[in-house]
Amino acid sequence: MTTQLGLFATGPAVPDAAELVAGQDFLILNLSGGKDGLRAAVKARDAAVEAGVEDRLWTVHASLGPMEWPACTVDGVRYPSVGELAAEHSRLLGVPPERHLELRRQRDGIPYDLLTFIAERGDWPWLGRARFCTGDWKTKLIFGAFSQMVREFMKAHGRPARMLNVLGLRADESPDRRKRPPLLRTTENTHRVVDEWLPAHAETTAFVKEWTDAGGWPHHWAYDSVPGAGDWAGSTRCSCSACVFSNHRDLLLAVARRPRLAALYAEVEYARGIPFNPNTTITALIEEAARPGAPDPGVVLDDDTADVDALLKAVRAALTRPPKRKPRPGTGPGTLPPLGAGCDGCSLAGTGPLPLEAR
């Protein structure tokens with residue numbers, strides 16, 4: 001029997017970090033390629049070294065494929081993707097390469113990306129309604145990767161494996177994250193006991209940036225106004241390029257930096273008649289990003305890659321079929337036509353995205 005404990009339940013008092021990690025069999029450091037995951041991972045790594053259990057460290061990056069910030073080349077200098085940077089962070093942490101996992105959801109042996117699922121479902125992962133992006137594309141994927149090791153551990157030791165899931169969530173990111181206890185038991189069953197630890201929960205954004213720079217840790221180019229600037233004047237977060245939970249300026253930067261991906265988001269939005277998030281539409285963001293006074297993207301990617309081509313093909317195929325969820329036209333800002341399941345996708349079957357005036 002599996003027990004899933006309440007997300008915002010009151011957690012136990014956080015013990016000494018070295019004492020906490022010493023009692024674990026698997027120390028799982030989640031690396032997104034962002035600054036917060038790195039900060040949390042370094043604190044957990046340092047505790048593991050102090051406790052003499054650094055051989056239990058694993059790093060993991062749950063990839064969202066072409067929806068993540070990719071690599072780019074500017075003035076002959078190549079800047080890594082978030083997945084590549086996560087692997088570099090793992091190396092700098094001293095974790096052996098065989099204990100770094102990059103995971104990506106598959107279906108029928110090929111990558112199955114989140115935007116394809118959104119197109120099939122006909123809805124976006126708004127907070128409080130359907131935040132499936134984190135659960136299905138990250139948490140389940142990560143713990144699924146450890147299932148065989150957990151079974152082998154149970155067979156060898158006759159008890160459940162104790163797992164510490166280390167995340168870079170911080171209190172000042174959002175009201176919901178502020179409520180989240182820094183230590184929380186999330187799963188307890190016959191095979192595994194999982195505690196979630198947020199070692200950087202109380203640290204501020206300014207502190208984490210200063211710590212990153214002072215330690216010489218590489219940060220992702222998306223954080224900067226221009227790749228390589230090192231000024232932290234770009235996107236404030238390093239998650240999906242265009243995340244439904246991002247602030248307005250970050251979204252304007254995202255659609256300007258990745259116009260091909262933004263146009264594909266707009267096709268999904270238009271075909272399903274459901275806005276990208278409750279406050280705005282991708283279509284409106286694309287239009288606003290092109291106006292005078294919009295944030296300067298610093299770099300514009302062509303996204304002419306096999307991965308993006310495959311995503312476009314899969315999404316457009318999904319849009320030729322009715323959505324799996326009952327459509328809710330008019331939800332959110334109410335600027336989209338009520339197409340819903342009545343759209344047969346015929347206008348999306350061409351080689352390019354819908355023109356802006358048709359959206």
Side-chain angles (χ1 to χ4, degrees), residues 28-45 57-74 77-95 97 99-105 111 113-115 133-134 137-139 141-142 145 165-170 173 177 198-200 203 205 208-209 211-213 215-243 245-247 250-251 253-254 257-258 261 298-299 301 303 305 307-308 311:
I28 303 170
L29 315 182
N30 289 262
L31 295 176
S32 65
K35 66 186 187 309
D36 299 329
L38 173 64
R39 173 60 179 160
V42 169
K43 295 187 78 170
R45 187 277 313 268
L57 289 168
W58 291 78
T59 55
V60 60
H61 175 68
S63 174
L64 292 174
M67 296 175 70
E68 294 185 333
W69 287 109
C72 72
T73 300
V74 177
V77 179
R78 187 182 185 278
Y79 299 91
S81 67
V82 290
E84 292 167 341
L85 188 57
E88 175 64 6
H89 285 163
S90 178
R91 185 188 71 79
L92 292 171
L93 285 163
V95 176
R99 293 211 304 271
H100 174 69
L101 306 179
E102 178 161 342
L103 308 170
R104 187 171 170 187
R105 190 168 173 178
D113 291 311
L114 178 59
L115 190 59
C133 53
T134 301
W137 262 259
K138 294 185 179 182
T139 307
L141 196 63
I142 290 167
N165 186 34
V166 180
L167 298 170
L169 306 184
R170 293 182 299 104
E173 291 181 284
R177 292 186 175 186
L198 315 178
E203 297 180 354
T205 300
V208 174
K209 288 178 180 179
W211 170 87
T212 303
D213 290 341
W217 295 95
H219 69 255
H220 195 264
W221 66 261
Y223 284 125
D224 292 335
S225 60
V226 178
D231 57 8
W232 298 95
S235 297
T236 61
R237 297 177 67 183
C238 188
S239 52
C240 284
S241 299
C243 173
F245 307 115
S246 292
N247 65 50
D250 281 1
L251 289 173
L253 281 173
R257 287 176 163 181
R258 303 194 66 186
L261 182 66
V299 62
L301 309 182
D303 272 328
T305 65
D307 226 12
V308 175
L311 176 64

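- N30 pairs by the side-chain contact (heavy atoms from CB on, under 4.5 Å) definition with I28, V60, I142, N165, L167, not counting sequence neighbours.
- Taking the salt bridge (Lys or Arg N to Asp or Glu O under 4.0 Å) definition, one finds that R99 meets it with nothing, sequence neighbours left out.
- Between L57 atom CG and L93 atom CG the span is 8.0 Å, to the nearest 0.5 Å.
- In this structure the side chain of V77 never reaches within 4.5 angstrom of the side chain of P227, judged on heavy atoms.
- Between R257 and S235 the shortest side-chain heavy-atom distance falls below 4.5 Å.
- Using a distance-only test at 3.5 Å, with no hydrogens or angles considered, a donor-acceptor pair links the side chain of T212 to the main chain of V208.
- With sequence neighbours left out, L92 forms a side-chain contact (heavy atoms from CB on, under 4.5 Å) with E88, W217, P218.
- In this structure, the side chain of D231 does not engage the main chain of D224 through any donor-acceptor pair within 3.5 Å.
- Minimum heavy-atom separation, G234 to L253: C-CD1, 3.6 Å.
- Partners of H61 according to the side-chain hydrogen bond (donor to acceptor under 3.5 Å, both in side chains) rule, which considers only residues two or more places apart in sequence or in another chain, are E68.
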With side-chain contact (heavy atoms from CB on, under 4.5 Å) as the criterion, how do L311 and L261 come out once you've worked through the C-alpha distance, each side chain's angles and the decisive distance to 0.1 Å? CA-CA 9 Å; L311 176 64; L261 182 66; 4.0 Å; yes
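- Taking both residues in full, the closest heavy atoms of H89 and G33 are given as CE1-O, 3.9 Å, listed atom of the first, atom of the second, then distance.
- Considering every non-hydrogen atom in both E173 and R170, the closest pair reads OE1-N, 2.8 Å.
- With sequence neighbours left out, D307 forms a salt bridge (Lys or Arg N to Asp or Glu O under 4.0 Å) with R104.
- Scanning for side-chain contact (heavy atoms from CB on, under 4.5 Å) contacts around S32 gives an empty result, with sequence neighbours left out.
- Side-chain N or O atoms of Y223 include one that pairs as donor or acceptor with a backbone N or O of K35 at under 3.5 Å.
- Listed for the S63 side chain is a donor-acceptor partner under 3.5 Å among the backbone atoms of G65.
- Qualifying salt bridge (Lys or Arg N to Asp or Glu O under 4.0 Å) partners for D250, counting only residues two or more places apart in sequence or in other chains: none.
- Scanning all heavy atoms of the two residues, the minimum distance from C238 to G34 falls at CB-CA, 4.0 Å.
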Run the side-chain contact (heavy atoms from CB on, under 4.5 Å) test on H219 and D213 for me, step by step, so that the C-alpha distance in whole Å, both residues' side-chain angles and the decisive distance to 0.1 Å come before the verdict. CA-CA 8 Å; H219 69 255; D213 290 341; 3.9 Å; yes
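- For E203, the side-chain hydrogen bond (donor to acceptor under 3.5 Å, both in side chains) criterion is met by R39, K43, not counting sequence neighbours.
- Residues that satisfy the salt bridge (Lys or Arg N to Asp or Glu O under 4.0 Å) test with K138, not counting sequence neighbours, are absent from this structure.
- L301 is listed as a side-chain neighbour of P70, based on a closest heavy-atom distance under 4.5 Å.
- Scanning for ring-ring contact (aromatic ring centres under 6.0 Å, His included) contacts around W221 gives W69, with sequence neighbours left out.
- The two atoms that bring S81 and H220 nearest to each other are C-NE2, 3.6 Å, heavy atoms only.
- In this structure, L38 CG and S90 OG are separated by 10.5 Å, a value rounded to the nearest 0.5 Å.
- Take S246 and apply the side-chain hydrogen bond (donor to acceptor under 3.5 Å, both in side chains) test, not counting sequence neighbours, and it matches no residue.
- Contacts of S241 classified as side-chain hydrogen bond (donor to acceptor under 3.5 Å, both in side chains), with partners at least two apart in sequence or in another chain: R258.
- Between atom OG1 of residue T59 and atom CZ of residue R91 there is a gap of 12.0 Å, rounded to the nearest 0.5 Å.
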Going through the checks in order, is the side-chain contact (heavy atoms from CB on, under 4.5 Å) test met by D36 and L169? CA-CA 7 Å; D36 299 329; L169 306 184; over 6 Å; no
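- Closest non-hydrogen pair, A86 versus L31, comes out as O-CD1, 3.5 Å.
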